[in-house]
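Notes for the one structure printed next.
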Amino acid sequence: MKDAIDSLPADRPVEAEGFANRKLIRPSLNRTDHNHGAAPAAEHKPERAERNDRHAGGGRKTAPPEQTNAENFYYQKQMQAKTPMVIVLGDGEEIRGMIEWYDKSCIKVSRNSQTNLLIYKPAIKYMYKEGENSKK
């Protein structure tokens, strides 16, 4: 404990910061002659392996998850609120209606006084709530 370092600068008063004479303690990981409640080195190896897996490729971070479920959350929210939507297809055609249900590859749009449509997701260019982007 003699080699512990005071973590606060000497010119700052301790009471002004609200700290109570804290000491920075750095355990020596390479010394094996004192194991005061320290875990054996074998228990630390899996932790280091996990850390290396996260930063595989020489310090590069892993890619974000492919499935974030943001699309599903958006569809659920619009379905429950029965929000009137405008769905713009790849060719520019606009379809107005409410999303009734969806699955992995398509959505079903209920339209007032017109037939319901089953639209494949790859055919959709974008969609928005009916009152948001009015160009009139």
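Quick note: residue numbers are just sequence positions, from 1.
No single ILVMFWY cluster, assembled from side-chain heavy atoms under 4.5 Å apart, contains both Met127 and Val88. The hydrophobic cluster containing Val86 also contains Tyr126, counting ILVMFWY residues as joined when their side-chain heavy atoms lie under 4.5 angstrom apart, directly or transitively.
Shortest non-hydrogen contact noted between Lys125 and Leu89 is CB-O, 3.6 Å. Nearest approach of Glu93 to Asp91, heavy atoms of both residues: N-OD1, 3.2 Å. The shortest non-hydrogen separation linking Ser105 to Pro122 is O-CD, 4.0 Å.
The line from CZ of Arg96 to CD of Glu94 is 5.0 Å long, rounded to the nearest 0.5 Å. Once rounded to the nearest 0.5 Å, the distance linking CD1 of Ile107 with CD1 of Ile99 reads 4.5 Å.
Connectivity analysis of hydrophobic side chains (ILVMFWY, heavy atoms under 4.5 Å, direct or indirect) links Met98 to nothing; its cluster partners are none.
Of the options Ile87, Thr115, Asn116, a side chain to side chain contact (heavy atoms under 4.5 Å, CB included) to Val109 is made by Ile87 and by none of the others.
Residues Ile124 and Ile119 form a side-chain contact, since some pair of their non-hydrogen atoms from C-beta on lies under 4.5 Å apart.
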Report, one line per pair, each donor and acceptor closer than 3.5 Å where one atom sits in a side chain of residues 70-79; sequence neighbours left out.
from, atom 1, to, atom 2, distance (Å)
Glu71, OE2, Tyr75, OH, 3.4
Glu71, OE2, Lys121, NZ, 3.3
Gln76, NE2, Tyr102, OH, 3.3
Gln78, OE1, Thr83, OG1, 2.9

Candidate pair Ile95 and Arg111, rule side chain to side chain contact (heavy atoms under 4.5 Å, CB included), full reasoning: CA-CA 9 Å; Ile95 298 172; Arg111 303 187 300 169; 3.9 Å; yes
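For Asn69, the side-chain hydrogen bond (donor to acceptor under 3.5 Å, both in side chains) test picks out Gln67, with sequence neighbours left out. Considering only residues two or more places apart in sequence or on other chains, Leu118 meets the side-chain contact (heavy atoms from CB on, under 4.5 Å) condition with Trp101, Cys106, Lys108.
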